[in-house]
4 protein chains.
Amino acid sequence: MKIRENIEFGTTIALWAQCPDRFLSQGYKGSSTFEDKIKLISKNKDFKGVDLYGDWDVNRDNVDEVKEILEKYNLKTYIVTADVNSLPEFGRGSIASPIKESRELGYKKVMEAIDLAEILNSDMVNLWFGQDGYDYPFQIDYIWGWQQVINTISDAADYAAEKNIKIALEYKPREPRTHIFTASAAKMLFAAERAGKDNVGILIDTGHGYTAGENISESVAICQLAGDKLFYVHVNDNYKVWDDDMMVGSIHPFEMIEFMYWLEKVNYGGPIVLDMFPFREDAYDASKESVDFIKRVRQLLSEIDEEEIKALLKEQNGTKSIRMLRKYFLK
Amino acid sequence: MKIRENIEFGTTIALWAQCPDRFLSQGYKGSSTFEDKIKLISKNKDFKGVDLYGDWDVNRDNVDEVKEILEKYNLKTYIVTADVNSLPEFGRGSIASPIKESRELGYKKVMEAIDLAEILNSDMVNLWFGQDGYDYPFQIDYIWGWQQVINTISDAADYAAEKNIKIALEYKPREPRTHIFTASAAKMLFAAERAGKDNVGILIDTGHGYTAGENISESVAICQLAGDKLFYVHVNDNYKVWDDDMMVGSIHPFEMIEFMYWLEKVNYGGPIVLDMFPFREDAYDASKESVDFIKRVRQLLSEIDEEEIKALLKEQNGTKSIRMLRKYFLK
Amino acid sequence: MKIRENIEFGTTIALWAQCPDRFLSQGYKGSSTFEDKIKLISKNKDFKGVDLYGDWDVNRDNVDEVKEILEKYNLKTYIVTADVNSLPEFGRGSIASPIKESRELGYKKVMEAIDLAEILNSDMVNLWFGQDGYDYPFQIDYIWGWQQVINTISDAADYAAEKNIKIALEYKPREPRTHIFTASAAKMLFAAERAGKDNVGILIDTGHGYTAGENISESVAICQLAGDKLFYVHVNDNYKVWDDDMMVGSIHPFEMIEFMYWLEKVNYGGPIVLDMFPFREDAYDASKESVDFIKRVRQLLSEIDEEEIKALLKEQNGTKSIRMLRKYFLK
Amino acid sequence: MKIRENIEFGTTIALWAQCPDRFLSQGYKGSSTFEDKIKLISKNKDFKGVDLYGDWDVNRDNVDEVKEILEKYNLKTYIVTADVNSLPEFGRGSIASPIKESRELGYKKVMEAIDLAEILNSDMVNLWFGQDGYDYPFQIDYIWGWQQVINTISDAADYAAEKNIKIALEYKPREPRTHIFTASAAKMLFAAERAGKDNVGILIDTGHGYTAGENISESVAICQLAGDKLFYVHVNDNYKVWDDDMMVGSIHPFEMIEFMYWLEKVNYGGPIVLDMFPFREDAYDASKESVDFIKRVRQLLSEIDEEEIKALLKEQNGTKSIRMLRKYFLK
């Protein structure tokens, strides 16, 4: 089948950092400067851009320097993620925190991300409300919490629209909260549709989709049905119970192949961005392996007659589907 | 707090039947006639009505007899569920089957359920597309499948509207398919909103919600946010990995207490209907225990000052929430 | 690497039957005679033998006829599975039922399977205590239940030893009970070691291993560590939450490749037996696809230098492991 | 029923610390000195002792000071946990690391914990090999890994025996690795039995048991069957997919009630030790709530006639079991 040429790859910066967890809070790896990381990323010529995370990577004070470094190494800013998760003030939530100051700070951080994106010539901002949710029964008024999320999206969309920036909403069922409101593709679309703005769409992180119990290709299809609402993708793999942020296709290769097929089918035009957390692997090697994996999959896809796939999808015969996968991918 | 008096309880008929599985396909229990079952149900005076499942319980041929038996025992028909799951023709799907005849039969069964509801003086039909989904990668065109679901809901809604009947959409993530399209509350709302009809809402089966990874009270809230869209509830419990259809509150009592609180909060006005599958328990005893459990929970809820709960939900302090549960329910 | 030639494939008979579930208790397919099934199996020349399930396939009355049919089609009886799961008497358990008559019948069925195996010239009997477990808190005395299991294994081993028959113990975490005592490889070994008989070992069903949260290759290793205790394997795939009994490698191909490697590494000498339940697939096609999948995997394994794999396992570098899989299997 | 009086409660120190995760690696709370924490713990008179974690809480340099502080506040050291998880050297494993120096350091840390326990007059050391496992297919030689674990346990047991110290082995299926070797009660017993030492037993952390898919009461029973091998318990709750380390009984109260019953039934004589991680809750309040929860449960248990429970466990009637729970605990 014909697949889009000139696909671009990107990466989060966290992939190249210390990778802490609660047992090794100083991280599994040593620290390095932002420029060190960018330099290393730029060595893999498949990477054309990066995701920047608010505060971790970029803020109002360092944004000019960040911009300069990215230009020096010829990397774009694909997206800026608002930091509503990683400050102590957000421990009990950001825009749905019980604390007024935290809600205000969360709101401010959302708008700040839009400003930063504008400065960095990025046309996309990522909102992920990872701290907004709950843990215990009888802990929160779910209706109020959802309204906070919806209202914030709505305001962010308006502010971003003035700058021709789009909002990509990232969903995830759990971590850091045991329950995050915006837990799945359909719940995220539910919020987006209530916000009701044209410049709002969905970011599918394949690992978040897996832990949400989703078939990630079906999630692409649902975003398409909602009106071309797939705005961005993060790729990684896991064992489907937790966001392990592992190498792409390493555990569920066939589902990743199908995902790559569906990105073509809905004419996804954005970059394919790695969001891995290689606690115990070398960042350069692990990210290169994942890029090479995707390139290999896309190459093999390109060798299949698209009519053959279309016929499979029409016939709904599982045996033929698996035979196709064996024939073209385990050859 | 003030809780609705005159709450009504209902039950599916399958609860009182043989309870087969694939190892004991003849069922774990002996068979009995429809009237036997109704008679037994009527012995528990808390039951005011029943759910009827198409073909299993009611069809065009026996509907008058069914109606007569229900009147004899003074039980209402709360809902009629369209049989798009339990005929051999639906093995590979009903309205999203690859087989044209199955799609047509599925469509016909949906409309038939509306006719049966009208005859039985029921104002609600349940659509559960349990066979419509997929099992393997590359097995189906997800967009086509979803469109089939949405179009069928739309047509059913129009036909039902003529008879002043409402459509309650039941979701479930898996079983009998490994993947059912309409897998969660948010996905079901996604379909309902695309169908875009006023007489379409959601049926929350608490066990299906659990297996979909949902907090069932949050699902109530989301239906409310969608515009008073909670139309019906099925109650049962499970271990959250499979639809075990166990006794209400037996595994997750605190979450069931919270669910009962939220039904009050959104002014749910319908019956509370048991949908259990007591493979190894006596149907009468197990259903009575579940009704008594709910009655006990509602009694205890009524003894709490609602302002105390509202304050908890505002403060978002998990410790206080659990202390409240211990204080009022483990007393 | 050098892999064992002359590997034999087998199949359960249930794979070729009606495949019922609780929604379609008559099954997703039409019925056929035992000989019809055997004839169809024999058309795939890779199959050299079958698994027979007590009562479903073979009993004291039909055993001679069964033997004759198998000989006619040149198929061995690899194993006989005791029917302690599929009679109404076992609905609340077999050897750990609260009902004395059921316990006695269960015990009898275990011994009967050994007699049948002897008649059929099979040297292996499969014990799977799928109904022995519990569903609710405070439902059973776990110590008593486990002792029932252990004592039965012990007695069965003694009786089988007289006939030079081995006992392969099959584990599974759930279905038909929500909790089966013998739920995992390690729990099964726990029972086996308490029984303390040389002719007792483990049957790994890859799908049961997945639903038990196991890495199936690690389970092979544990059986090996226990003293060459891997007696038999059933292969299939699933989504790791339920025993979906799907085609081999269709969802987790890399884990199946690793499993095939470990079967070689521990010198597993038995047949590779398909235990699938193709509800919606043609039995012949689906089973052939799975056999072909395994043959392809083993062929590709044979082309790798074993020293390369050994070096990987020593270095513990995940990136290199995935690169190897991409290089040799996604080529 | 008669329940043990003079039960003692304990707590980990981590419960009172900053509670970091990978998004807030500085922690959700401010820091405090060891003495501050001990002082705060001592305010709840139900706490009679603490768990000390190697390096985090105690090491060769500060052990005398630690001892002094504990004496000052009249708290025992219940257990010392060897630090084989929280140093950068253990990022890729401790005693099963591919790096020789890490293996040696891991071994040393195990022995060091025994020395520290001796100094602190503790008779128990906890071994939890949380970094020893794997993440990817083909990443490790499982047999070698397990042998490392078994050999270390064996050596530790010998060294501890000289000092009359016991080894409590803590299991957990995942985190920080996606796969930890010693993943379940039965796997841990498998290791313990291969080590073959009298002074080796099991530590059940209820949350680890839940995430391992276990019924925690059955795990108590299995330890008992293995020969009185339940050495220690950690209590907390979670949603069964991740070690959320939440308040005791907050999500699964009935299972916690049953667990408390089984601790009595097997005459567990040790302390009940809280191992929670209250990211967003006040440590004092959350731990007090959990202690009060357990005390309430034990009080209610004491009011039931034990013969009634014994009869339930013999009859295996789920309905009666749930009725008992409703009657005595939801009263």
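Just so it is clear: chains get the letters A, B, ... in the order the sequence lines come, proteins before strands, and each one is counted from 1.
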Colleague: Of the listed residues (A:Ser25, A:Gly30, A:Gly130), which shares the most heavy-atom pairs with chain D below a 4.5 Å separation?
Modeller: A:Ser25
Colleague: Name the region of D:Asp244, side chain, backbone, both or neither, that has any atom closer than 4.5 Å to a heavy atom of chain A.
Modeller: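 The side chain, not the backbone.
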Colleague: Given that the side chain runs from C-beta out, which part of D:Asp83 has a heavy atom under 4.5 Å from chain A: side chain, backbone, both or neither?
Modeller: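 For D:Asp83, there is no contact with chain A at all, as no heavy atom is under 4.5 Å.
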Colleague: So, for D:Phe254 and D:Phe329, is the gap between ring centers shorter than 6.0 Å?
Modeller: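 Ring centres of D:Phe329 and D:Phe254 not closer than 6.0 Å.
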Colleague: Within the side chain of D:Lys100, is there an N or O that forms a donor-acceptor pair under 3.5 Å with the backbone of D:Arg103?
Modeller: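 Judged by distance alone, no pair lies under 3.5 Å.
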Colleague: Which one wins on heavy-atom pair count under 4.5 Å against chain A: D:Cys19, D:Ala14, D:Pro137?
Modeller: D:Pro137
Colleague: Among side-chain atoms of A:Tyr28 and D:Gln131, is any donor-acceptor pair under 3.5 angstrom?
Modeller: yes
Colleague: Could you tell me if the ring centre of D:Tyr210 sits under 6.0 Å from that of D:Trp242?
Modeller: no
Colleague: Where on D:Arg177 is there a heavy atom nearer than 4.5 Å to chain A: the side chain, the backbone, both, or neither?
Modeller: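 When you check distances to chain A, atoms from both the backbone and side chain of D:Arg177 fall under 4.5 Å.
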Colleague: Tell me if the aromatic rings of A:Phe277 and A:Phe279 count as close, with their centers under 6.0 Å from one another.
Modeller: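 Yes, the ring of A:Phe277 comes within the 6.0 Å limit of the ring of A:Phe279, centre to centre.
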Colleague: Would you mind telling me which of D:Asp135, D:Thr211, D:Val241 has the largest number of heavy-atom pairs within less than 4.5 Å of chain A?
Modeller: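 Greatest number of close heavy-atom pairs with chain A: D:Asp135.
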Colleague: Does a donor on one side chain sit under 3.5 Å from an acceptor on the other, for A:Asp245 and A:Asn238?
Modeller: no
Colleague: Sort out for me which of D:Asn85, D:Asp21, D:Thr178 touches chain A most, counting heavy-atom pairs under 4.5 Å.
Modeller: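 It is D:Thr178.
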Colleague: If you count heavy-atom pairs within less than 4.5 Å of chain D, which of A:Tyr136, A:Phe90, A:Trp56 leads?
Modeller: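 When all of A:Tyr136, A:Phe90, A:Trp56 are compared, A:Tyr136 has the most.
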Colleague: Checking D:Gln26 against chain A: side chain, backbone, both or neither under 4.5 Å from a heavy atom?
Modeller: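 For D:Gln26, the contact with chain A is made by the side chain alone.
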Colleague: Heavy-atom pairs under 4.5 Å with chain D: which of A:Lys29, A:Gln18, A:Glu175 has the most?
Modeller: A:Glu175
Colleague: Donor-acceptor pair, A:Asp57 side chain versus A:Tyr53 backbone, under 3.5 Å?
Modeller: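 Yes, because the side chain of A:Asp57 sits within donor-acceptor range (under 3.5 Å) of the backbone of A:Tyr53.
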